[in-house]
Every structure is written in structure tokens, then in C-alpha cells.
Colleague: 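Quick one: this structure, given as C-alpha cells, is what I'll be asking you about.
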Amino acid sequence: MYRKLAGFTLLAVVITGCGVPGGPPDTQGTEGTGFRPVDANAALLWDRQTLETAELIGQIADEFNSSRNGMPVKVEHLGGYTDINRKVSVSIQARTLPAMAVGYESMTSEYARARAVVPLDPYIEDPEIGMSEEDLADFFPGMLQSNIYPQLDGGMYSFPFTKSVLMMYFNKRVLRAAGIESPPKTWDEFLAQCRQIKERTGVSAYAVDIDCSTLDGMIYSMGGELVRDTESLFDQPPTIRLFELLATLAKEDLAYRIQPGTYDDREEFARDRAAFFFRSSSHRPYTAALFGANTDDWGMAMIPQANPEAPVTVLYGGNICVFRTTQEHERTAWEFIKHFTSPEISVRWALGSGYLPIRKSAASHPDMQAFFEQWEFNRAAFDCLPYARPEPNLVGWQEVRTLVERAAAEVMNGLKEPAQAAEALKRQADAAIAAAR
Amino acid sequence: MNEWFGLLGIVIASASILALRQPLVAILDSVLERLDSRFERQVWCRQSDTAMAVTLLFPGLGILAVFGFAPLIYALYISLFDTRAGAFAGPGNYVRAWHDPEFWGGIRVTIYYAIGTIPATLLLSFGVAWLLFRIGRGRGFFRTVYFLPYVTSAVAAATVWRVLLRPHSGYVNALMEALGLPTQLWLIEQRGVLHLLTNGWIGPEVGPSLALCCIIAFDIWHASGFGVVIFLAGLTAIPRELEEAAIVDGARPWQVMTRVVLPLLSPTVFFLAIVSAIKAFQAFNSFYALTNTARSTDTQNLVIYIYSQLYESQNYGYGATVAVCLCVAIVGLTLVQWRVLGRWVHYE
């Protein structure tokens, strides 16, 4: 009797606790139902900035709050883009979200699929708090375009926020020691210079951070495309050429990988243990800090190209999306986005952070002009903007990013031949995109 | 304002508890008395013992049910759904796992890791514990020293190891260079350790990668302290007279060890073997912290794979499927260990 009673009690507890009424996790979302805000009294922004840039964005938020009545904006720093992505994904399941978060296009497409983000078009078109035609025309078209999601009814589900471009950083001290006067313009020149540097100085020239955005930019610069509609193009010659280059660099000890998630490439570069590294233009202030007053010892340039007549680099950096919470939170979030991307703040943010201004008019701003004149390479990233192309914003691309990085690492480790790796990558990427659809 | 309401609530609750304490105690007493009298009326004493045991176990079982069994059942439930499509999938996710090379890769990595860590950790822990047991003086000090890695946060310790094992300019590589040895990529080396040791004679995909071996080494170092303390406790519990009697009877040190100490220590070994096996199959922190999540399949064990399915691919149904498979594997392994090692255990 007691055994039966105990058994029934245990079963009852298990059934009560197992949460069956909740059903399976809702990655599809439910039309019309909002999410609870993490902070009911403030529009929370989950951001990735650290140190000085975190302080600056905090200042801008404070100024925004004191300039108006109503719900304040609070900035919370949660680690890198991937960390924020993980936290948002879990929060979607918990149906509790901040007012806004930064992220890549691939992340926003995942949130939009779960119907957790609101389209910004109604806010942009709002006569009271929206943006005028002239305002919109002032943004670099590529930046706006990458936030329109054709797979998701063509709405604008995010807005450009902290944008940058992929750049090549070169160490003039190492180049001079190897007898090289100017950085490479083509990939053939790049390989030749790496060999020359190794031969004359013994330094492995390129410190490689295996990052999908960097690899995507390299594929672009090799003359390639990443996707056609919803099919990946990694089996095409540009990707194979890139993998062959990486394999050669690794095999001849011309390049070495750094630990993922670190900035060892920048550190090695500043210690003359690398001649090149490829990173976002937002690394300029950090690199400058490492070189101090020796501004003549390093520089930044457009990444090498297959065809320097038609250069291409990748546009990256974060966008911002507004989550489906309460009307007040959504509206406050949009107003903050509008404030942050205004011409004045855009210039201030660019000067203080190393990110690029997202408005064309910034180039003629006196502070920006003065900045361009301070150092010959201060303008380099801005000049690359017309040639910068965004990465795909397909649903499922977030998973593809991991596959791309994995494939490049396998090639550099000698586990796979370039053509074999490219073919496998295409197959896996297509499967990931199809599964996400 | 809310804080004041909270404080007021606490004060009212405390006052209520104080006021109701005596009646509550009286009610509880009467309930216990009734239970006692009912138990006394039972014909079979064993049955009343069971009832008492269930009653006493109930709070613990309740917590276990809500935080242990319920998530497990829920995982089992959602593993039957394609959560991305929001549709019932039946056994679809299990069929997918069966054909998924990454799932099998995760199992392979998990097994390499378990084989690499469990015997080495047990041997090292026993060796250190035996030495500490013998030295007598300063045992407490050394026990603390060896236990320190275990109480250090795995993430903090892994961060230090990451710095030591930096591929290009880490301290370990600097030491290797100074000794005239070839430097290694350590935590980002995907090639098999057998490939590296045989200078390419064995294929790079055979055996655990060097990166995985680094994780294994880290966990042996990190977990040994726990084993040392448990073994020391086990050794201390062995009556010295038995050892002395064996020596008087002419047993050599090795015979004392194998015929007296080890059989009496077998419950400790049994306990540590089971706990280590379960921990090995659930390992996450060291993998995550040392490799910055598994970007490469050579260091992606099943738990990391579950994590990537849940948080990177937002594939909750499939992630739950892999979790259920892992749970079944752990339960199965524990039962096998129980049966096989249980026969060898000597409880005297």
C-alpha cells in the first residue's frame, strides 16, 4: 500500500514538474504575442562593447535619457556577439527579452524566424518619429540593404549600428627588414611577400585568426560570391583558391593560427612577430595603442585582391534589432536607434570607437576631416566603404559560419585538401540552410 | 518603495511564523504520533520502515523529481519534435542522430576522453594518496596542496592553461624551443597525437587529437585532488593491524599492497570509478574554456555538441535527442560498471 502510494506520489510530482502543458520550445513563435521585457521600467540594450567604447555608448545613452521624458535606455554589456546571440536564444525560449540587442544579420534572421523582433519599417515611416527621405539617403546604401531580409517578407528587421570593414594591417618594421616598400595589392603579391619575409627575417608573416567574416571577405576579394538565392557557392574556384592559399601559407610556415577568441594576432603584430593580420577596421585604436607614438611603423590597407581594379571587402560589425516586447519599450528602442545613428552622434561614435560612420555626410564633418588629416591611414577604412559588401542574411547562416571556420582550420591543419574541404563545406552549408528553412 | 513592501512582508512573515510556531509544532507532533501509532499497528515491521523511509525521502525525492527527472522527461518529450518546423517528428531526431557523423564524432571524442582521464586520474590519485599516507608528517599540508586544483574554478584554471599553451608564443612552446624540441599548436592542433608521434606514419585522423590530449591532461591535473582526498580517507580507514599481521607473516610490500590494501580499498576505487565515468561523460567546462567552444570536431564531445545544437543552432528537439542518448549511455555504463566492478568490491 505504502509502496503504491509512494509510487503514485512520485509520478504525480514528476508529471506536475515536467511542464507538459508548456509544449515543446516555440522556435516558430506565435503571431501577435509579445515577450516580457527583462526590465519593465527601462529599455535594455544588450551590447558587446568593452572599455572605452562601452563607456562612450553609456554616455550617449545617458545623454539620450536626459534629453527626454519617458522610459530610459540602459546599456548592458554581455560579452561578444556570439555570447549575446546565445543569451537572446535562451531568452526567446523564456519569452523574456530586452528591448534591443546588437548582432549580425545571421543572428537577426534567427530571431525574426522566432517572431521575436519587430520590423522597423513602420517606425522609419512614422511621420512623428520616423526618418525623412533625405535622412535615409544619407546612409551608405549597402549598410541599409543588409538589414532587409528577403527571406522574411523583405522587412527591415535590424538597423546598422556599429559598422566596420575588413582591413589588412601591415607592420612596416617587418616589411622594411624584409626589404619590402609597400603592402601587397594582390593575393599573388601577398604570398610572394610572405615568402620574402620568412626568407629574410625568419618571421612567419601572417597571424591568422580564423573568423568567418574575414574568410567571407577574402572569398569576395578572390572574385567570389557566397550564396546564390539559398544555395551556397563554396565549391566555386574563389573558395578553393582561398583554401589553397591558406594551405600553402601553413605548409611553408608563412602563417600561423592564433587561439580562437583571442587577439593574439594583434599582440604578435605589435611585437614584430607578424607582418600582417586581417581584422575589422574597428581594431585601429587598439593597434594604435600598442604602437604608441610609432605611427610610422604600421598601417592599414584594403585587403589584397584577385583583381585590384574591382576591389571588394566585407562589411561587418553589428546591427541592432528591436524585440517584440511592449509598445513603450519598442518605441523607446527605436528612438534611441534614431538618436545613435544621427549625423552628429555617428561622427562622435566613429571618432571615439574606431568604427566607421554610417552616414555619408560624416566625411564632410569638420571633426572627421581633422581626424582624416591626423594620420595617413585614418581615412583608409572609410575609403573602403564603397567597396564593402555585406554577408548573407539567410536563416541558417549562423550555423554556416561555424562550418566555414571549421573548414579553414582543417585546411590549415592539413586534415583536408583545399578542393575536398570546399566541396564538403558547400554540402554541409546547403544542408544547414535547408534545415533552417 | 518595492523594497519597503518586501521588508514589511518579511517582518509580517516572521511574526506569523513566531505566532504560529507553537500550534504548528503541536499539529506536527500529533501527525507524527498518529504515524507512529499506525506504524506500530503494522504486522510487518519492514513495511513500516519502508513507509518511514519514503516519508523521510519525500522532500529529497521531490527536489530530484522537479529538477532531475522532470527535465529528463521533458527532454524526452521535445526530442520527439522538430522544433524548428514546430512539428511532431516521432523518432525522426533519433534516426537523424543515427546517421549524423558529428554525433558519432562526439561519441568518439567522449570515449577517448573517458579512456584518457579515468584510469590516469585514478592511478595518479592513488599514487599521490599512497605517498601522502606514508609520509605521515605534513600530510595535511600536502593534501591541501593537491586538493587546490580541484577547488580552483575550472574556467580560471583553463584560462591560465590557455596562456601557457598558446600556439605561437606560449610558455610551454618557449620551453620546448629552449630544449630544442619542436613547438606545437597544442589547443588548436587537430591532428592525431599518434600522427605527430610517429612523424606522419599514422594518419592524422587516427586517435585523439593533440588538442584533446591537452584537455585530458588539464582534467587529470584538475580532478586528481578529489581522488587523492577520497583515497586518503579510504587508506586511513584500513586497520593497520591487518598490514602489520601480513608483514609479520612474511608478506612483501607488493603483496601487502595487492592482497591487503587494494581489496580493502576496493569500495573507494569502485566509487571513484563510477563518479569519474559519469563526470567524463558529462565533461563540459574544460572543453568549453580551453577551446572557446568546439570550433573543430576533434574536441567536440557529446555535451559540447548538445550545447551547440541548443544555443548556436537553436535546434532544441535535436539537442534534446542527443541529451537523451547521452543519458542512456551514462545509465548503461554505470549499470555495466556496477555489475562488473561490483563483483570485485570487498566490503570488509
Side-chain angles (χ1 to χ4, degrees), chain A residues 1-3 5-6 9-20 22-29 82 85-87 89-90 92-93 110 113-114 204 207 210 256-262 264-265 267-268 271 273-274 396 398-399 401-402 405-406 409-410 412-415 432 435-437, chain B residues 42 47-48 50-55 57-58 61-62 64-67 69-74 76-78 80-86 88 162 165-170 185-191 204-205 209 291-298 307-308 310-317 320:
Chain A
M1 177 64 194
Y2 282 107
R3 279 183 191 172
L5 189 67
T9 315
L10 188 63
L11 191 67
V13 170
V14 167
I15 290 170
T16 314
C18 76
V20 171
D26 184 13
T27 51
Q28 292 291 297
T82 315
N85 175 232
R86 283 175 195 147
K87 184 145 183 175
S89 303
V90 176
I92 287 174
Q93 294 311 310
E110 298 285 346
R113 197 183 54 155
S204 299
I210 293 195
Y256 58 93
R257 286 173 59 202
I258 61 155
Q259 266 173 1
T262 67
D264 287 352
D265 50 349
E267 305 282 332
E268 299 292 331
R271 288 187 198 130
R273 289 183 191 154
Q398 191 56 29
E399 209 172 331
R401 291 179 66 84
T402 306
E405 289 168 7
R406 222 177 243 180
E410 284 171 350
M412 286 199 79
N413 259 329
L415 285 174
R437 280 212 319 270
Chain B
Q42 294 297 326
Q47 196 168 353
S48 69
T50 310
M52 181 55 84
V54 168
T55 312
L57 281 172
F58 186 76
L61 280 176
L64 200 64
V66 173
F67 296 106
F69 300 139
L72 182 64
I73 292 171
Y74 187 53
L76 193 65
Y77 171 62
I78 63 167
L80 302 174
F81 286 86
D82 179 350
T83 46
R84 279 174 153 181
F88 182 73
R162 266 167 72 95
L165 295 173
R166 269 183 179 177
H168 194 62
S169 55
L185 293 173
W186 301 117
L187 290 167
I188 56 168
E189 178 57 85
Q190 295 174 292
R191 286 175 296 177
E205 66 288 337
S209 68
T291 61
N292 190 34
T293 75
R295 287 272 176 255
S296 55
T297 47
D298 66 296
Y307 180 83
S308 76
L310 293 179
Y311 298 115
E312 284 172 7
S313 308
Q314 278 113 55
N315 207 345
Y316 299 97

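Numbers restart at 1 for each chain; the letters A, B, ... are given by sequence-line order, proteins then strands.
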Colleague: Answer yes or no: does atom CZ of B:F67 have more than 12 heavy-atom neighbours from other residues, nucleotides or ligands under 6.0 Å?
Modeller: no
Colleague: Could you go step by step and tell me if A:D264 and B:H168 meet the side chain to side chain contact (heavy atoms under 4.5 Å, CB included) rule?
Modeller: CA-CA 9 Å; A:D264 287 352; B:H168 194 62; over 6 Å; no
Colleague: Tell me, side chain or backbone of A:E410 under 4.5 Å from chain B's heavy atoms, or both, or neither?
Modeller: both
Colleague: Would you indicate whether the side-chain heavy atoms of B:S169 and A:E268 approach each other to under 4.5 Å?
Modeller: yes
Colleague: Let me see the working for B:I188 and A:I210 under side chain to side chain contact (heavy atoms under 4.5 Å, CB included), right down to the final yes or no.
Modeller: CA-CA 11 Å; B:I188 56 168; A:I210 293 195; over 6 Å; no
Colleague: Which region of A:E399, side chain (C-beta onward) or backbone (N, CA, C, O), has a non-hydrogen atom less than 4.5 Å from a non-hydrogen atom of chain B, or is it both or neither?
Modeller: side chain
Colleague: Evaluate the side-chain proximity of B:E312 to A:R86: yes if any heavy-atom separation is below 4.5 Å, no if none is.
Modeller: yes
Colleague: Could you check whether any side-chain heavy atom of B:D298 comes within less than 4.5 Å of a side-chain heavy atom of A:L415, counting everything from C-beta outward?
Modeller: no
Colleague: Report the C-alpha separation of B:Y316 and A:S89 in whole Å, then their side-chain angles, then the decisive distance to 0.1 Å, and conclude whether the side chain to side chain contact (heavy atoms under 4.5 Å, CB included) test is met.
Modeller: CA-CA 11 Å; B:Y316 299 97; A:S89 303; 3.9 Å; yes
Colleague: A:R273 versus chain B, heavy atoms under 4.5 Å apart: side chain, backbone, both or neither?
Modeller: both
Colleague: For the atom pair CG (A:N413) and OG (B:S209), what is the distance rounded to the nearest 0.5 Å?
Modeller: 9.0 Å
Colleague: Do B:R162 and A:T262 pass the side chain to side chain contact (heavy atoms under 4.5 Å, CB included) test, and can you show the C-alpha distance, the side-chain angles, and the key distance before you say yes or no?
Modeller: CA-CA 10 Å; B:R162 266 167 72 95; A:T262 67; 3.3 Å; yes
Colleague: With a 4.5 Å cut-off on heavy-atom pairs, point out which of B:S308, B:G170, B:S313 contacts chain A the most.
Modeller: B:S313
Colleague: Which answer fits B:L185, side chain, backbone, both or neither, if we ask what part of it has an atom under 4.5 Å from a heavy atom of chain A?
Modeller: side chain
Colleague: Pick one of side chain, backbone, both or neither for A:A435, based on which atoms fall under 4.5 Å of a heavy atom in chain B.
Modeller: both
